[in-house]
Amino acid sequence: MKQLEKTHDPGVERQIYQRWQDQNYFHAKVDKARKPYTIMMPPPNITGVLHVGHALNNIIQDILIRFKRMQGFNVLWLPGTDHASISTEAKIVAKMAVEGVTKADIGREGFLERAWAWRDEFGGTIVEQLRLLGLSCDWRRERFTLDEGLSNAVLETFIRYYNKGLIYRGEKLINWCPHCKTTISDAEVEHEDKDGYMYYFKYPIESGGFIEFATTRPETMLGDTAIAVHPEDERYTHLVGQMAKIPVVDRQIPIIADIYVEKDFGTGVVKITPAHDPNDYEVGERHNLAKINIMADDGTINANGGKYAGLTREECRERIIEDFKTLGLFVKTQNIRHAVGAHDRCHTVMEPLIKLQWFVTMKDLARPALDAYINGKVRFTPARMGKVYAHWLENIRDWCISRQLWWGHRIPAYYCQECGHINVAITKPGQCSKCGCADLRQDEDVLDTWFSSALWPFSTLGWPEKTEELEYFYPTNTLVTASEIIFFWVVRMVFSGIELMGEAPFSDVIINGTVRDDLGRKMEKSLGNGVDPIKVIEQYGADALRLMMITGNALDSDTRFIWPRLEVARNFLNKIWNAARFVMMHMDVDVPTLDITPQKLTVADKWILSLLAKTCANVTERIEAFDLVMAAQITYDFLWDYFCDWYIEMVKPRLYNKEHDKDNDTRMSALWTLNTVLTAGLKLLHPFVPFITEEIYTTLHENEETIMFAPWPTFDYRFEEEEQLAARFIEAVKGIRNSRLQNGIAPSQKLNVALAADKTLSDFFAEQNKSFNMMAGVGTFSIVDASDAQPDISAKDTATTVVISGGVLHISLDAVDVEKEKKRLEKEKSKITNEIERCRSRLSNEGFISKAPENLIADERAKLAKYEEMLVKVNEQSARL
RNA sequence: GGGAGCAUAGCUCAGUUGGGAGAGCGCAUGCCUUACAAGCAUGAUGUCACAGGUUCGAGCCCUGUUGUUCCCACCA
């Protein structure tokens, strides 16, 4: 039989991956005879390389997809990348700036050329990163949000929405990023608490006197078109209807009453700037106020700002304060801490502006998406994330989808230069559908990236064509993503899927936590604390990285990336490697052809098989509940603690004994059991650590090409009695080891042990005689009659006992220290007495007896009996000393 | 302002329906035992944040407090 190398080399991972791909194992074909299982891979954006946080997200998906594949599902996991218009365009512009080139210099065509080059570079790097992680996604179906098919889907969607009245063009207050010079959606605005100032000013009133108000943004007064007070604010009611003057621009504005104003805040007076504040916009609508836009696209003051035109927001603010001071209309400054909206990509303070933009009407789209959640068609893990999703949908506002950028899907709207009619079509129409004029000009803007991402579940499968892939794989099953993506992507995929496909695009959404650095900080490019998975893989291998990411932390909470934990994972892989090596080096027969009936199995064999069966069932259950952490933990514990530390040690004597090779049944059954457990263990591990399991599995089973399609293990072994017996064996070995250390007996010192127990237990220990001696360091082992309370060990000077459930081990040797032993027994006695006391008090508690469940009470009684028995034995023991 | 999570060993974290507190790392001690020193064995360490409550019984359920993290949000 082929043997494994002495040490495991993670360097072979690349070759294994290459082989998988050459064999086309990842490719999913439509096969109506089999059940599909599909995972939606969130396409990473191409702004840069991935960090280990992305790795975690993909590892989770790969574990699920490998698990389902082994369960016999026809799995599809479609990879791809996302063009991320704002971020990518910003990066390219920044790169161009270094060369001294601007967008205007090279024009739209030239810019897009550069953008595609960027995509090829980073898209390639990302794909390479994903491969090194061992992800089994279908590279043949790899997609990019800007490739032809997906672009068609985007245009088709735009047109359908437009024709249905779900998309409109309108002049509304939008979020403007002065740095990126584009609109952004509400979801892209993040609120940060910042220290700032509240400025108090006075405007003169036409009838004389002044009205005092507060603002955090004095520069916006250039666009003020009213001053508002609360209708019931007695301080000001007499002023309502009068005119106030904005001194610096010499404009008269009315004093109005609106319930939006809070009497108790500030001076109870609010300046109203409809063009630059969402609240003021509403007030302006109610009172028919003019909207004066004072801001240019780069955030400087425009011509409406009169003498302040051309200044930046900050400069203008300073100048206005100065001017008010000069006029004697400045009152005071107050330190405050308040929330400011900033662009989530560049952190520039966002500016609300009124602009003509394209919007998606959300009201009718949101409802079914919310219903899908309420009806349980879309479930969240952890469940609480569903509330986040629902809350967003309940409060959703229209979605601004136009972006003043070039990198993206250009809006398929063609404006007639003659009559102004908007022609919406996939390709440029020859003439205006209204007036027949041929002079049409396409909208310059592109669509929000998420508009295309929202279609991903079906656009990647060929929609709007009715492909068989779409028919077979849609709707998909599972989406694994980060919580901050719920608004951007999850919500939008659901309503798009329902609107265009008639069905939600997936049924389970799993939210994984954020991976932080070892200090608990978010991994951010600006901090430079992101960990590149490739660095980790070079050092420890992808398997170690994968195992490390999945263990030791709840996946739905934030986790820290702690390097030493990689060693824990690597050590486990090494352990499995060596265990496999051990098994294989004894396999000198063709194990699968062995005829092993249950009668030929020993107690130890049945014990480990019984545990194996339970482990398989537990692991399956856990993965199906998306609890990958526990699934990995259970497998880890079973293989290391039970299989390696106990079972392998227990069977060693049987393996070493080759005397009667042909009819040495216990040796054959040991080999058979080792093979069975190891094979199943590898399968359980495969979703987590695909490479090492592939390597061991294909070495162990020379006829098998791969473990990837090996059937997921399930067993119906149930050997309760054997489990009990083995538990006592463990108890005995541990007891003796413990006693040895406590008594200061050297490990090399062999012990004489006599077991007094019932027949079943005695028989088992007889069967395990050799391994017991080996593991506990026993020289001579004998079995004495259980009824013989004081076996004849008087030949020895001193003796001690180890009590196990159902039996006693009498240990003797020449060198036990009598005083020490007395002390130990005293300690033991007080411990037992305490336990007995506790059991008795509990059993005499009426509340417990009347209300506690039956089995608990029975347990308590059994414990009491056991401890009482132990006490007797200990007393006998000390009497003998 | 609204909502959610977290607080358990020196560190990083598990603990599914309430029924005697766990793992890994680290630490201590002893072992190169013919798969593995990246290993084996044994051990020590906890007012389960604090204060109440429900219960025969609370790390777990309820109320409040403190600390901490995150999400949402248009108080000028």
Side-chain angles (χ1 to χ4, degrees), chain A residues 4 6-8 173 186 189-191 198-199 213-217 220 228 260-262 264-273 277-282 338-339 341 352 382 384-385 387-388 391-392 395 483-484 486-487 513-514 516 518 520 522 551-554 556-560 562 564-565 567-586 621-622 625 627 629-630 633 636-637 644-645 648-649 652 656 733-734 737-742 744 746-748 774-775 777 835 838-839 842 845-853 855-857 859-860 863:
Chain A
L4 292 171
K6 180 126 173 99
T7 52
H8 168 53
L173 197 68
D186 292 342
V189 177
E190 63 183 19
H191 293 85
M198 179 82 86
Y199 305 93
F213 60 92
T215 178
T216 52
R217 302 176 60 208
T220 60
Y260 152 67
V261 183
E262 274 186 42
D264 302 329
F265 192 90
T267 60
V269 181
V270 187
K271 61 191 255 329
I272 301 295
T273 323
D277 184 278
N279 292 312
D280 294 6
Y281 182 85
E282 302 287 327
H338 64 144
R384 69 185 131 84
M385 289 301 176
K387 284 191 249 170
V388 177
H391 182 256
W392 173 264
N395 297 289
S483 61
E484 61 258 34
I486 291 177
F487 313 125
T514 310
R516 298 166 174 276
D518 51 359
K522 246 183 175 169
T551 48
N553 261 96
D556 57 15
S557 63
D558 288 1
T559 63
R560 293 186 187 197
I562 295 168
R565 289 230 318 259
E567 288 176 18
V568 177
R570 183 199 54 187
N571 293 353
F572 173 72
L573 298 176
N574 186 50
K575 186 76 182 174
I576 295 305
W577 181 265
N578 279 298
R581 204 159 65 85
F582 172 82
V583 171
M584 283 188 230
M585 77 184 36
H586 290 92
E621 197 181 308
R622 292 296 185 159
D627 185 357
V629 175
M630 274 312 283
Q633 193 63 48
Y636 182 104
D637 291 344
C644 290
D645 288 352
I648 286 184
E649 294 305 321
K652 273 179 178 173
Y656 294 156
V733 173
K734 284 197 167 193
R737 284 169 176 167
N738 178 306
S739 158
R740 181 195 284 279
L741 233 77
Q742 278 188 359
S748 51
M774 201 174 86
M775 294 169 81
E835 293 301 335
R838 201 192 54 79
C839 286
R842 209 171 183 193
N845 178 335
E846 276 178 40
F848 180 73
I849 296 300
S850 59
K851 297 194 179 162
N855 59 335
L856 202 67
I857 298 170
D859 274 5
E860 210 60 35
K863 273 185 201 164

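Just so we're clear, the structure is a prediction, and the values are computed from it rather than from any experiment. These numbers come from the heavy atoms of this one structure, side chains and all, not from hydrogens, waters or symmetry mates. By convention in this document, chain letters (A, B, ...) are assigned in the order of the sequence lines, proteins followed by strands, and residues within each chain are numbered from 1.
In the set B/C56, B/A73, B/C72, B/C72 carries the atom at the smallest distance from any side-chain atom of A/F487. Between B/G19, B/C70, B/A14, one nucleotide has an atom nearer to the side chain of A/R842 than all others, and that is B/G19. In this structure, of B/A76, B/A35, B/U42, it is B/U42 that holds the atom nearest to the side chain of A/R737. Across B/A38, B/A4, B/G19, the shortest atom-to-atom separation from the side chain of A/A852 is found for B/G19. Candidate nucleotides B/U69, B/A76, B/U42 were compared by shortest atom distance to the side chain of A/Y260, and B/A76 ranks first. Of all nucleotides listed (B/C71, B/G39, B/G20), B/G39 comes nearest to the side chain of A/K575.
Contact annotation for A/E567: no contact, since no heavy-atom pair falls under 4.0 Å across all strands. A/E190 comes within 4.0 angstrom of nothing in the nucleic acid, heavy atoms only. A/W577 comes within 4.0 angstrom of nothing in the nucleic acid, heavy atoms only. Within 4.0 Å (heavy atoms only), A/M775 reaches no atom of the nucleic acid at all. Heavy atoms of A/S557 sit under 4.0 angstrom from primed sugar atoms or phosphate atoms, though from no base atom. Nucleic acid contact class of A/A625 (heavy atoms, under 4.0 Å, all strands): none. Residue A/D645 is classed as a sugar-phosphate contact, given heavy-atom separations below 4.0 Å to backbone atoms only. Residue A/R581 is classed as a sugar-phosphate contact, given heavy-atom separations below 4.0 Å to backbone atoms only.
Mapping A/M198 and A/K6 onto RNA chain B by nearest heavy atom places A/K6 closer to the 5' end of the strand.
Rounded to an integer number of Å, the gap from A/K387 NZ to B/G5 P is 6 Å.
Ion pair A/R838/A/E860 flagged as a salt bridge, since at least one NZ, NE, NH1 or NH2 atom sits closer than 4.0 Å to an Asp/Glu carboxylate oxygen. In summary, A/R516 and A/D558 engage in a salt bridge, as defined by a charged side-chain N under 4.0 Å from a carboxylate O.
Checking the phosphate oxygens (OP1, OP2) of B/U12, no side-chain nitrogen or oxygen of A/R565 falls inside 4.0 Å. Dashed line: the shortest gap from a side-chain N or O of A/K522 to OP1 or OP2 of B/U69 is not under 4.0 Å. Here A/N571 reaches the OP1 or OP2 of B/G39: one of its side-chain N or O atoms lies under 4.0 Å away. For A/N578 and B/G39, the shortest distance from a side-chain N or O to OP1 or OP2 is not below 4.0 Å.
With C1' as the reference atom, B/U34 and B/C40 are 14 Å apart, rounded to whole Å.
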